[in-house]
Amino acid sequence: MPHMLLIHEPVGQRATRSEPEGRALYERMLGWGEELRERGLLLAAESLMGTEKSARVSVPGGKLRIVDGPFAEAKEMVGGFFLVDVDTHEEAVALAQACPAAEWATVEVRGLGPCFVRQPG
């Protein structure tokens, strides 16, 4: 059952690290991803750039609205993700606990499925 582990990190947190510190954390994440791949759990993983060169696009009522980043109201940003294939939600939560990013960010665990399916509870 595929689950997405979304890494939510505070906006601006990356700028507080030196380049060597940032590279060391990135290497830890790459290593963890490789461990998942070797275990046959990893479907995909990517690090995302900051919000400085991003955009939010919506078309409410047919009217195009584009907001370019950075987003002043945002306190967090999605910094990356791991798409894993596990048997249960509990296994995905256990992986999130083991993710190195959980030390400096929040790892959100979401199952994949069509938007019309209602989950119990």
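Each residue takes its place number in the sequence, starting with 1.
Hydrophobic clustering, defined by side-chain heavy atoms of Ile, Leu, Val, Met, Phe, Trp and Tyr closer than 4.5 Å, groups Val86 together with Leu5, Ile7, Leu25, Met29, Trp32, Leu36, Leu41, Leu42, Phe82, Val84, Val93, Leu95, Trp104, Val107, Val109.
With sequence neighbours left out, the ring pair (Phe, Tyr, Trp, His ring centres under 6.0 Å) criterion links His8 to no other residue. By the side-chain contact (heavy atoms from CB on, under 4.5 Å) test, Ala55 pairs with Ile66, Asp68, sequence neighbours left out. Legend: residues meeting side chain to side chain donor-acceptor pair (under 3.5 Å) with Thr88, ordered by chain and number and at least two apart, are Glu91.
Ion pairing between a basic and an acidic side chain is recognised when a charged N comes within 4.0 Å of a carboxylate O; Glu19 and Arg23 show such pairing.
Residue pairs meeting the side-chain hydrogen bond (donor to acceptor under 3.5 Å, both in side chains) criterion with at least one member in residues 43-57, sequence neighbours excluded, are Arg56-Glu73. The stretch residues 35-70 participates, sequence neighbours left out, in no ring-ring contact (aromatic ring centres under 6.0 Å, His included) pair at all.
Closest non-hydrogen pair, Thr106 versus Glu76, comes out as OG1-OE2, 4.3 Å. Summarising the geometry of Ala96 relative to Ala102, their closest heavy-atom pair is O-CB, 3.7 Å, with the distance given to 0.1 Å. Counting all heavy atoms, side chain and backbone alike, Arg14 lies closest to Gly50 at NH1-N, 3.7 Å. For Leu43 against Pro2, the heavy-atom pair with the smallest separation is CD1-CB, 4.3 Å. The heavy-atom pair separating Ser58 from Pro60 by the smallest distance is C-CD, 3.4 Å.
Grouping the Ile, Leu, Val, Met, Phe, Trp and Tyr side chains by contacts below 4.5 angstrom, directly or via other members, places Leu48 apart from Val67. Grouping the Ile, Leu, Val, Met, Phe, Trp and Tyr side chains by contacts below 4.5 angstrom, directly or via other members, places Leu83 apart from Met1.
To the nearest 0.5 angstrom, Arg28 atom CZ is 4.0 Å from Glu103 atom CD. The CE atom of Met49 sits 9.0 Å away from atom CE of Met77, with the distance rounded to the nearest 0.5 Å.
More than 12 heavy atoms of other residues, nucleotides or ligands sit less than 6.0 Å from atom CZ of Arg17.
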